[in-house]
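Okay, structure first, notes after.
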Amino acid sequence: MPDAGRSILFQRHQNPALAREAREMSMAFADFSYLGWITGEDDPDRAWEMYFARTQPQVRAVLDGLLATFPPEERDQAVELAGSVEAFCLPSNAVESRVFENPGDATGYLIGVSPLVIQLSAEIAWGVHMAHPYLPEALPPGWEAATLHAQESLALNISGYIRALEGIGEAPVPTGMISTAMEATARARSESRGRGPHDFYDAALTFALTHELAHIRHGDLLPAGQGRTVAPYSEGMARLLRISDEENEEIAADASTFTACFNYFIGTWFWGNERPTGILNVLKRLEWERRFRLAAWHGAQRASEACEAYYSAIAILADLTFRRGDDGTASRLITTAARLPHVQFHVQRTREEVLAPAYGPFMWSDRDVSYRKAHHSWRIHFVEALLPAMSRHQRSDSPDWLTTWKSPAELAEDSEFRSDAVAEWEEQAADRARELGPDHPDTLATRANLAHLRGEAGDVVGAVAALEQVVTDMERVLGPDDPHTFAVRHNLAWLRGKDGDAAGSAAAYAGLLADQERVFGPDHPEVLDTRYELAWARGNSGDAEGAAAAFADLCKDHERVLGSGHATTHAARQSLAHWREMAGDTAGAAEAATAARAGKEPVLSPGHPGTLGAYEARLAEQERELGPGHPGTLTTRWFLALLRGTSGDAEGAAAAYAELLNHDLGPLGFDADRIRENLGFWQGRAAGVDVTAG
Amino acid sequence: MDSRGTERVRVNVFAPGDPESHAAARAAFAAAESAGKDVDARGSVPLGDILMIGSVATHALAYLINTLRKSWNKGVVVDAIGRQLSIRQDPALPRGVVIVRSKSGEVTVRDGAGLADIIGGVLPPRGNENAGTGGPGNA
């Protein structure tokens with residue numbers, strides 16, 4: 001039998017003894033109910049052999065690829081890891097992956113990755129990709145209808161997984177959207193340019209494996225104090241944010257996972273796309289550069305999507321295990337899911353601060369913010385609508401994890417954090433003044449941050465006085481036209497407004513604007529930002545008409561400079577509507593509000609305000625054209641029932657479920673009993689009775 | 001306890017992660033005149049169990065399982081269906097219950113009584129290449 005775990009790229013370095021022991025260790029984790037279900041094989045030994053033979057080449061190939069795409073300066077570590085790490089898919093329905101030191105004779109580490117998390121992550125990433133086009137304007141006419149269909153398919157697909165995972169061995173093995181697409185596109189794989197279904201599956205496996213590999217690279221398995229983790233939050237900041245050392249290590253592993261995945265995607269692209277050389281290949285080289293940037297852009301998207309989808313999968317599994325009564329496992333999964341805002345923060349920072357300067361501004365844009373929101377919208381939909389409706393386990397209590405899901409910025413709004421942070425920064429400011437001198441730029445920056453924190457903590461008067469002194473010192477040391485001085489003046493103007501001095505704030509912004517326009521020119525984003533704040537300060541000081549006029553001009557300049565889809569352009573449109581309303585121009589306000597809505601988030605998602613209406617119209621059209629009993633119509637009605645329920649329309653949800661029961665639901669794989677329970681739940685809600693179910 | 005006989009079997013014990021259950025598993029290994037070697041692990045999802053690998057005399061295996069049955073908060077599953085013997089807690093089972101799954105897939109539910117006979121019956125036959133002390137981590 002061929003060796004399923006044999007390395008191709010690191011054949012010389014792989015430790016065969018460790019590979020053999022990895023194979024043995026995989027048996028220790030075997031769940032034969034799961035193996036029998038997934039392979040269809042009754043004999044347990046054969047089932048395990050089939051599973052190992054099928055999964056091991058995939059895992060080893062990705063591990064090889066990850067090691068081979070380490071940065072050149074880490075090549076020695078890659079070679080060392082090639083001989084000291086083996087990985088395998090856990091042969092069970094375990095929801096957690098694990099990395100550990102091999103307990104046998106061969107020295108090294110073993111990684112077992114959860115197949116459930118990989119499969120579910122891949123399905124979600126692929127489904128959201130189909131349901132939420134990143135560049136809708138690049139699609140042919142009719143894309144909106146295709147997107148609506150893809151959204152229903154995603155919900156239907158994940159509901160199939162929910163049923164299957166609740167009854168492993170009972171419900172059939174799910175054949176998801178991605179599996180079907182992978183079979184359909186098997187021949188076109190080389191033409192997928194990183195955006196085909198195989199690529200999404202590879203990305204999910206890569207993300208899961210990379211995270212555990214990060215624990216080895218960071219030395220998290222070494223005895224306390226010997227690790228090499230470069231934590232994303234300093235010790236002090238982690239303490240302020242109430243993040244434990246272990247959580248900080250996990251966030252570090254997640255944050256580095258994005259970068260390693262990106263390197264893997266761009267590195268593997270290089271293998272098949274050698275840069276043309278030679279004096280006659282100038283045009284080919286230019287074309288290669290274009291495709292290289294495209295590959296980098298896709299690589300960043302894939303790594304981000306894999307990350308978002310991973311946490312959605314964890315959220316689904318958390319809710320499923322909670323419903324099953326396994327509160328301990330649910331709690332562990334929720335702990336993991338709660339890390340997402342921190343990871344998103346670091347992914348965005350990496351894309352903005354590292355990748356954008358290297359490849360171009362397209363490496364992080366408002367579209368990525370919109371895409372991230374779409375993933376979040378689906379995450380909420382899965383947990384709050386789909387699972388209650390599809391799960392056979394209902395509980396009256398539920399973990400309120402969505403409200404505890406806070407970004408670093410939200411955590412920093414906590415009053416205890418602020419008072420602790422002020423104390424911490426006071427200490428830092430004193431240290432820097434002593435060690436670097438009072439006029440060092442770092443000392444001045446620390447004083448500015450400290451003053452800002454004081455203002456946030458409630459001492460606005462003290463903060464204004466402190467910032468005035470910092471501005472004086474910065475103008476003396478850095479110069480009046482230094483961008484850092486401008487930034488602190490901006491904060492000072494804002495704090496004056498917060499202190500109730502609207503006129504003083506407006507005057508400060510006006511002075512700043514004149515200086516910034518002189519230094520940066522009229523179209524610089526900082527200038528536009530100051531104009532935005534100045535317009536609000538004017539309005540707050542009583543000049544609503546002046547504010548409206550300023551925002552009308554600003555909207556035009558934002559559209560011209562930043563584009564109509566930019567987040568600050570939307571904010572300017574909304575502000576224009578607000579100040580027209582305040583100035584008594586109701587018609588003008590309505591016009592601006594309509595423009596603001598129209599330009600924002602053209603693609604629907606479960607949380608989009610236009611989604612419910614779009615599906616009501618789709619149902620009417622399908623009933624007319626396909627008939628009420630057509631599977632397409634039934635799918636739309638079912639999805640609409642979920643949306644109506646989420647929007648609070650209990651009667652509408654009950655009506656949709658009641659109508660579903662008049663038809664044959666077999667082709668959709670629905671359990672009629674669950675539909676009846678949903679009907680009962682929403683009828684009860686409509687009648688004002690609170691019952692447990694979805 | 002009786003320590004006669006030298007035939008030993010590899011056992012994978014997935015001890016619950018709480019300190020009491022882990023300590024109880026250590027104590028059970030010691031009482032069975034064996035030692036379970038902890039496999040320290042990490043995971044992106046915090047791990048709920050600690051794998052302990054031990055090599056236990058076949059005649060002491062029922063004693064080990066019975067000790068775990070009495071000390072863990074939930075029921076115990078003994079899985080002999082594959083090439084290795086695994087023991088884990090199942091939160092869905094009430095405390096004191098043992099479920100044994102034999103090589104043939106047959107499931108037996110027991111409390112303490114008659115456990116030794118059942119365990120003896122599910123052990124791989126003598127001379128099986130995968131049943132003895134081979135493989136990694138025999139403590």
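Within every chain, numbering begins at 1; the chains are lettered A, B, ... in the order of the sequence lines, protein sequences first and strands thereafter. None of the values given here were measured: they were computed from a predicted structure.
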(message) What's the separation between atom CZ in B/Arg88 and atom CZ in A/Phe29, rounded to the nearest 0.5 Å?
(response) 8.5 Å

(message) Heavy-atom pairs under 4.5 Å with chain A: which of B/Asp18, B/Asp38, B/Asp79, B/Asn12 has the most?
(response) B/Asn12

(request) Sort A/Ser33 into side chain, backbone, both or neither according to what part of it lies under 4.5 angstrom from a heavy atom of chain B. (result) side chain

(message) Quick check for you: to the nearest 0.5 Å, what is the distance between B/Arg10 atom CZ and A/Glu24 atom CD?
(response) 7.0 Å

(request) May I ask you to name which of A/Ala28, A/Pro44, A/Gly36, A/Ser97 has the most heavy-atom pairs under 4.5 Å with chain B? (result) A/Ala28

(request) Name the member of B/Pro16, B/Gly48, B/Pro91 that forms the most heavy-atom pairs with chain A at distances under 4.5 Å. (result) B/Gly48

(request) Give a yes or no on whether a salt bridge exists between B/Lys37 and A/Glu101, defined as a side-chain N under 4.0 angstrom from a carboxylate O. (result) no

(message) What I want to find out is whether B/Asp49 reaches A/Arg98 closely enough, with some N-O distance under 4.0 Å, to be called a salt bridge.
(response) yes

(message) Does A/Asp245, at its CG atom, have more than 12 non-hydrogen atoms belonging to other residues, nucleotides or ligands within less than 6.0 Å?
(response) no

(message) Check this for me, if you would: do A/Glu250 and B/Arg42 make a salt bridge, where the nitrogen-to-carboxylate-oxygen distance has to be below 4.0 angstrom?
(response) yes

(message) I need the A/Trp48 CH2 to B/Arg83 CZ distance, nearest 0.5 Å.
(response) 6.0 Å

(request) Grab the two heavy atoms, one from B/Ala41 and one from A/Phe100, that are nearest each other, plus how far apart they are. (result) CB-CB, 3.7 Å

(message) Can you tell me which portion of A/Arg339 sits under 4.5 Å from chain B's heavy atoms? Options are side chain, backbone, both or neither.
(response) side chain

(request) Pick one of side chain, backbone, both or neither for A/Val117, based on which atoms fall under 4.5 Å of a heavy atom in chain B. (result) neither

(request) Find out whether A/Glu96 and B/Ser44 are in side-chain contact, i.e. whether some heavy atom of one side chain is under 4.5 Å from a heavy atom of the other. (result) no

(request) Counting only heavy atoms closer than 4.5 Å, note whether A/Ile111 contacts chain B via side chain, backbone, both or neither. (result) neither

(message) Does any part of the side chain of B/Lys103, heavy atoms only, come nearer than 4.5 Å to the side chain of A/Asp45, both counted from C-beta?
(response) yes

(message) For A/Thr336 versus B/Val45, what's the shortest heavy-atom pair and its separation?
(response) OG1-CA, 3.2 Å

(request) Under 4.5 Å heavy-atom distance to chain A, tell me which part of B/Ser86 shows up: side chain, backbone, both or neither. (result) side chain

(request) Identify which part of B/Pro46 has an atom lying under 4.5 Å from any heavy atom of chain A, answering side chain, backbone, both or neither. (result) both

(request) Check whether A/Thr335 gets within reach of chain B through its side chain, its backbone, both or neither, counting any heavy atom under 4.5 Å. (result) side chain

